[in-house]
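Below is one structure, written out as structure tokens; comments come after it.
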Amino acid sequence: MPELPEVETTRRSLEPYLAGEKIVEAESRRARMLRRQPRERDFADRMRNRRVRGLRRHGKFLLIDLDGDLTWVIHLGMSGRMQVKDPGDPEARHTNVVARTADKEIRFVDPRTFGFTAVLTPDEYAESTLTRLGPDALTELPRTRQLAARLEGRKPPIKSLLLNQSIIAGLGNIYADEVLFRSRVAPHREGGSLDGGEVSAIRRAIRPVLESGLKYGGTSLGDLAYLLPDGQAGRYLDRLKAYGREDEPCPRCGTPIRRSVIGQRSSFWCPVCQT
DNA sequence: CCTCCATCCTGTGGGC
DNA sequence: TGCCCACAGGATGGAG
């Protein structure tokens with residue numbers, strides 16, 4: 001669920017409550033959430049009395065810069081969401097990580113626990129998988145030639161390659177389908193088979209699709225839905241053109257949208273306009 | 001290096 | 001109504 005627009009929306013929502021503030025203390029109540037923390041006990045120790053310098057994002061990773069050259073890494077996984085609450089506010093089920101500032105609680109709620117968090121030193125960061133992330137899909141979108149070079153010779157379907165965070169960071173299953181719909185490329189096409197025009201079309205589609213998602217506060221789908229830190233649902237769901245619309249008419253040509261499983265993920269696409 | 005696939009979890013909705 | 005199973009936005013690590 002949380003893809004680049006949802007993570008960026010989260011970043012913007014948290015910023016006023018964290019930037020420049022001091023984290024008084026933090027705790028994880030599910031050890032599994034700290035599985036990317038090299039030594040589990042470091043998390044609480046490093047968070048205590050730590051000033052927040054600023055909030056960044058790379059792909060779907062939220063990166064919170066702390067004093068002492070530490071980075072607080074948050075990944076929402078499939079079902080994670082952040083909340084800003086007052087101390088004493090009732091807690092949602094699956095509130096797995098809590099960080100307290102002078103007057104607020106920042107809560108990480110994640111039923112499926114596919115999300116994770118960690119506070120990393122520069123050395124730990126350099127050894128983490130974060131260094132394998134490709135350019136950010138919104139702020140570092142590569143030129144067509146560079147993108148083509150990254151796809152050259154690749155066998156997997158373009159849909160899978162768009163989900164590969166080391167090629168471009170930030171697209172997930174929903175927005176990858178929307179990008180392919182907009183660029184009129186079929187999801188099962190072998191990545192290396194795309195011509196320059198097709199790669200260019202994909203590249204050109206990425207920004208407007210993500211900006212559009214951002215404009216509407218992201219996509220909230222289902223009951224495990226991603227929600228904004230203030231509890232609001234994202235409003236982009238109704239504006240999706242392909243994702244989740246099996247058998248509904250294609251908004252461009254009216255042909256029923258098809259669902260296929262590609263790389264073990266559902267893909268929704270128009271069999272007429274996407275070739 | 002690349003590609004494929006199982007796996008980590010919980011909750012929900014559809015089919016019977 | 002109740003039960004069971006399939007499925008769900010993601011990332012990773014191991015096998016081949």
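The sequence lines fix the lettering, A, B, ..., with proteins before strands; numbering per chain opens at 1.
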Salt bridge check: are [X] and [Y] linked by an N-O gap of less than 4.0 Å?
{"X": "A/K104", "Y": "A/D86", "value": "yes"}
{"X": "A/R29", "Y": "A/E91", "value": "yes"}
{"X": "A/E15", "Y": "A/R11", "value": "yes"}
{"X": "A/E25", "Y": "A/R100", "value": "yes"}
{"X": "A/R258", "Y": "A/E246", "value": "no"}

Looking at [N], I'd like to know if its phosphate oxygens (OP1 or OP2) sit under 4.0 Å from a side-chain N or O belonging to [X].
{"X": "A/H94", "N": "B/dG11", "answer": "yes"}
{"X": "A/R132", "N": "B/dC1", "answer": "no"}
{"X": "A/S79", "N": "B/dT10", "answer": "no"}
{"X": "A/H75", "N": "C/dA11", "answer": "yes"}

*Would you confirm whether A/Q274, through its side chain, and A/P187, through its main-chain N or O, come within 3.5 Å as a donor-acceptor pair?*
no
Which whole-number value in Å describes the distance from [X] [atom1] to [N] [atom2]?
{"X": "A/Y175", "N": "C/dG10", "atom1": "OH", "atom2": "C1'", "answer": "15 Å"}
{"X": "A/L151", "N": "B/dC1", "atom1": "CG", "atom2": "C1'", "answer": "16 Å"}
{"X": "A/E3", "N": "C/dG10", "atom1": "CD", "atom2": "C1'", "answer": "9 Å"}
{"X": "A/L4", "N": "C/dA11", "atom1": "CG", "atom2": "P", "answer": "11 Å"}
{"X": "A/L62", "N": "C/dA11", "atom1": "CG", "atom2": "P", "answer": "14 Å"}
{"X": "A/H188", "N": "B/dT3", "atom1": "NE2", "atom2": "C1'", "answer": "19 Å"}
{"X": "A/N164", "N": "C/dG10", "atom1": "CG", "atom2": "C1'", "answer": "12 Å"}
{"X": "A/D110", "N": "C/dG10", "atom1": "CG", "atom2": "P", "answer": "13 Å"}

*Which whole number of Å gives the distance between the P atom of C/dC7 and that of B/dA6?*
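Approximately 13 Å lies between the P atom of C/dC7 and that of B/dA6.
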*Between B/dG11 and C/dT1 - P atom distance, rounded Å*: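 C/dT1 and B/dG11 have their P atoms separated by 22 Å.
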Counting any heavy atom closer than 4.0 Å, what does [X] reach on the DNA or RNA strands: base, sugar-phosphate only, or nothing?
{"X": "A/S160", "answer": "nothing"}
{"X": "A/R150", "answer": "nothing"}
{"X": "A/R93", "answer": "sugar-phosphate"}

For the side chain of [X], starting at C-beta, report the closest nucleotide among [options].
{"X": "A/K60", "options": "C/dA11, C/dT12, B/dG11", "result": "C/dA11"}
{"X": "A/R36", "options": "C/dA8, C/dA11, C/dT12", "result": "C/dT12"}
{"X": "A/R154", "options": "B/dC9, C/dG10, B/dT3", "result": "B/dT3"}

_Parallel, tilted or perpendicular: which one describes the rings of A/Y236 and A/Y216, with boundaries at 30° and 60°?_
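Because their plane-to-plane angle is under 30°, the rings of A/Y236 and A/Y216 count as parallel.
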*Would you sketch DNA chain C in dot-bracket for me? Only Watson-Crick or G-U wobble pairs with both distances under 3.5 Å count, crossing pairs as [ ], other-strand pairs as |, the rest as dots.*
.|||||||.|||||||
Listing time: all N or O pairs from protein to nucleotides 4-8 of chain B that are below 3.5 Å?
{"unit_1": "B/dA6", "atom_1": "N7", "unit_2": "A/Q264", "atom_2": "NE2", "d": "3.4"}

*So is A/R252 actually on top of A/F181's ring, under 6.0 Å and inside 45° of the axis?*
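So A/R252 does make the cation-pi contact.
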*Given side chains that start at C-beta, do those of A/R182 and A/P208 come closer than 4.5 Å, heavy atoms only?*
yes
*Cluster overlap A/L76 with A/V73, hydrophobic side-chain contacts below 4.5 Å*: no
